[in-house]
**Student:** 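I have a structure here, written as structure tokens, and I will follow up with some questions on it.
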Amino acid sequence: AVASLGGWIEPVMVVLIIVFAFSTLIGNYAYAEVNLDYLFRDRPGSDLALRLIVVAAVFYGAIAKLDFVWVAAD
């Protein structure tokens, strides 16, 4: 893509990928939170547990090897 579009496309693509990844993360978290609230309606610690799990998964996914991340995502 760089050869045909030039060097200006690299920072644009980086921004687009970051925005897409962040919006995907927020969307999937919202789905998980709604499902968790349905399954465990009156448990006060369930939202906090989900948040901690999501933060840990994002951190580990950022430092883990790419092969493992793809296998875990599947």
**Student:** Closest approach of F20 and T24, non-hydrogen atoms and distance?
**Tutor:** O-OG1, 2.8 Å

**Student:** Rounded to the nearest 0.5 Å, what separates atom CD in E33 from atom CG in N28?
**Tutor:** 13.0 Å

**Student:** Indicate if M13 and W8 have the same hydrophobic cluster label, given that clusters are the connected sets of ILVMFWY residues with side-chain heavy-atom separations under 4.5 angstrom.
**Tutor:** yes

**Student:** Just list the side-chain donor-acceptor pairs under 3.5 Å for residues 45-56, sequence neighbours left out, or say none.
**Tutor:**
from	atom 1	to	atom 2	distance (Å)
S46	OG	R43	O	3.1
R51	NE	Y29	OH	3.1

**Student:** With ring-ring contact (aromatic ring centres under 6.0 Å, His included) as the rule and sequence neighbours excluded, what pairs involving residues 35-74 come up?
**Tutor:** Y60-F68

**Student:** Is there a path from I18 to V58 through hydrophobic residues (I, L, V, M, F, W, Y) whose side chains come within less than 4.5 Å of each other?
**Tutor:** no

